[in-house]
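Data block below; observations after.
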2 protein chains.
Amino acid sequence: MNLEKRLHSRGYRYTPQREAVFGVLKENEGKPLSPEEVHELACKRFSSLGLTTTYRSLELFCDLGLATRVHLHGDSHYYEVNTGKHHHHMVCLSCGAIEILEACLIEELKERVRDGSDFLVTEHCMSLFGYCPGCLTSRKG
Amino acid sequence: MNLEKRLHSRGYRYTPQREAVFGVLKENEGKPLSPEEVHELACKRFSSLGLTTTYRSLELFCDLGLATRVHLHGDSHYYEVNTGKHHHHMVCLSCGAIEILEACLIEELKERVRDGSDFLVTEHCMSLFGYCPGCLTSRKG
DNA sequence: TCCTTATCGACAATCATTATCATTTAATAA
DNA sequence: TTATTAAATGATAATGATTGTCGATAAGGA
C-alpha cells in the first residue's frame, strides 16, 4: 500500500500532488468524499493543488485499485480509499451523515440472479437511506 | 391510475404535454428512460413539447407517486412509471441493456442493520452490473 | 365566453466534470 | 550533478445535464 511504488510499478510518476490527494483519502478511510472536498483538504498539504489535478488523481487511483468510486443518490461523485474490505453505505436524509454498512447480500442475490437469468453480475452498488441515530433522537426532543 | 384525475386531485392541470410524457413512461414500463429519451419519444405525441417541460413533468410525476427515479451508475437521471411493484436493475456494461431484477433482499438487510446499528432505513437503491446473455454469447463467437 | 393563474417554451444561468495547451517537473541517462 | 524528455500540472475554456427566469399561452372555473 505504498503510493510511490504502486505508481512506479505502473509507469506513473510520484508527485507531491498525488501524495496530497492520496493522503486525504487515507486520513478519511470509510468516509466518502467528493472531489471538491478532497481538493479543499488536500490544499492544506499542497496549497497550489489544482481542482483538475484532484479529479485526475482520483480517477487514476481508482484505476490502480487504490481508491473506489462510491455511488450515492447525489449528483456528485464520491471517492474512498480502497481498504480491500467491501462495504456499502447508509446515508442520513436529514443531516447527510454516512455510516458504513459491512453487511452485503450480494452473494445471495447473485444466486437468485443465476436462477432467474443468464446475466453475469460483475459489479454492484447499493446504498441505504434513512435517518441516523442522532437525527432520530433530536426529532423526539 | 388515471392521469387526469390524479393531477386534478392534487390541484394540478391536465395538459397534453403531461399526457404525452406520461404516455411514454407507460409505454416503456420496466425500462428506465433518461429525460432526453423521454423528450424525444414524447415529441412524437406532442411535437412542440419542450425539454424543460419534460424535466418538470417527470419530477412532478415522481412527487405524485406516478413515476419513480431510477439510480444507475451513469451521470444522467432515469425515470420509470411506478407500477407499485418494487424492483431493481441489472445493467450490461457492454451494450447498456437493462434487465429488471425482481428479487430484493432489502428486508434481510434491514434486519442485519437493526442488529448492528440504530439507523432507520426508509429507502434504498441497488443496481447490479455485468454482462447480459446477448453480449456473453457474442464474446464467445 | 371571460378571467385568473398554472403551465409552457425559449433561453440564460448554473454546476460538476472534461478537454486543451503552454508550462513545469519527475525520472532517467550522461 | 546536469541535461533531457515526456508525463504531469494548472489555468482556462468547453461541455453536458439540469434548473431558473420570464413573457406568452391555455386549462378550467365563474
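The figures that follow rest on heavy atoms only: side chains count, while hydrogens, waters and symmetry mates do not. Chain A is the first sequence line, chain B the second, and so forth, proteins listed ahead of strands; every chain is numbered from 1. Values in this document were obtained by computation on a predicted structure and should not be read as measured data.
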Query raised in the report: Between B:Arg45 and B:Glu19, is there a salt bridge with N-O shorter than 4.0 Å?
Result: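 Answer for the salt bridge query: no.
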Query raised in the report: Can you find a side chain N or O atom of B:His77 that sits less than 4.0 Å from OP1 or OP2 on D:dT18?
Result: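 Yes, within the criterion.
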Report task. Give a yes/no answer on whether the side chain of B:Gln17 brings an N or O atom under 4.0 Å of OP1 or OP2 in C:dT7. Result ->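 Answer is no, no contact under 4.0 Å.
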Query raised in the report: So, does the side chain of A:Arg13 form a donor-acceptor pair with the base of C:dA27 at under 3.5 Å?
Result: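 Looking at the base of C:dA27, it does not pair with any donor or acceptor on the side chain of A:Arg13 (distance under 3.5 Å).
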**Report entry** N/O donor-acceptor pair, side chain A:Arg56 with base D:dG10, under 3.5 angstrom
**Finding:**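 Between D:dG10 and A:Arg56, which were checked side chain against base, a qualifying N/O pair under 3.5 Å is present.
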Of the nucleotides [options], which one has an atom closest to the side chain of [X]?
X       : options                : answer
A:Phe46 : C:dT17, D:dA27, D:dG10 : D:dG10
A:Thr52 : D:dT12, C:dC8, C:dA10  : D:dT12
A:Thr53 : D:dG10, D:dG28, C:dT18 : D:dG10
A:Arg18 : D:dA8, C:dT7, D:dA17   : D:dA8
B:Tyr55 : D:dA17, C:dA26, C:dA16 : D:dA17

Query raised in the report: For DNA chain D, what string of dots and brackets results from 5' to 3' when Watson-Crick and G-U pairs need both distances under 3.5 Å, crossing pairs get [ ], and pairs with another strand get |?
Result: ||||||||||||||||||||||||||||||
**Report entry** Nearest-nucleotide 5' precedence on DNA chain D, B:Thr15 against A:Tyr12
**Finding:**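 Final value for this comparison: A:Tyr12.
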Query raised in the report: Over how many whole Å does the gap from A:Leu3 atom CG to C:dA26 atom C1' extend?
Result: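 Rounded to the whole Å, the gap is 14 Å.
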Query raised in the report: Nearest-Å distance, CZ (B:Arg10) to C1' (D:dG28)?
Result: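 Taking CZ of B:Arg10 and C1' of D:dG28, I get 19 Å after rounding.
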Query raised in the report: Okay, side chain of A:Ser117, backbone of A:Val113: is any donor-acceptor separation there less than 3.5 Å?
Result: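 No, the answer is negative, given that no donor and acceptor are paired below the 3.5 Å cut-off.
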I'd like to know whether the aromatic ring centres of [X] and [Y] sit less than 6.0 Å apart in this structure.
X        : Y        : answer
B:Phe119 : A:Tyr131 : no
B:His124 : A:His88  : no
A:His71  : A:His89  : no

Query raised in the report: Just one of B:Leu72, B:Ile98, B:Leu101, B:Val70 clears the side chain to side chain contact (heavy atoms under 4.5 Å, CB included) bar with B:Ser127, so which one?
Result: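 Result for side chain to side chain contact (heavy atoms under 4.5 Å, CB included) with B:Ser127: B:Leu72.
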Requested in this report: Could you please spell out the steps behind the side-chain hydrogen bond (donor to acceptor under 3.5 Å, both in side chains) verdict for A:Glu80 and A:His87?
Outcome: CA-CA 11 Å; A:Glu80 228 181 83; A:His87 63 255; 2.7 Å; yes
Report task. Using a 4.0 Å heavy-atom cut-off across all strands, classify A:Ser48 as base, sugar-phosphate, or nothing. Result ->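 The residue A:Ser48 makes sugar-phosphate contact but no base contact.
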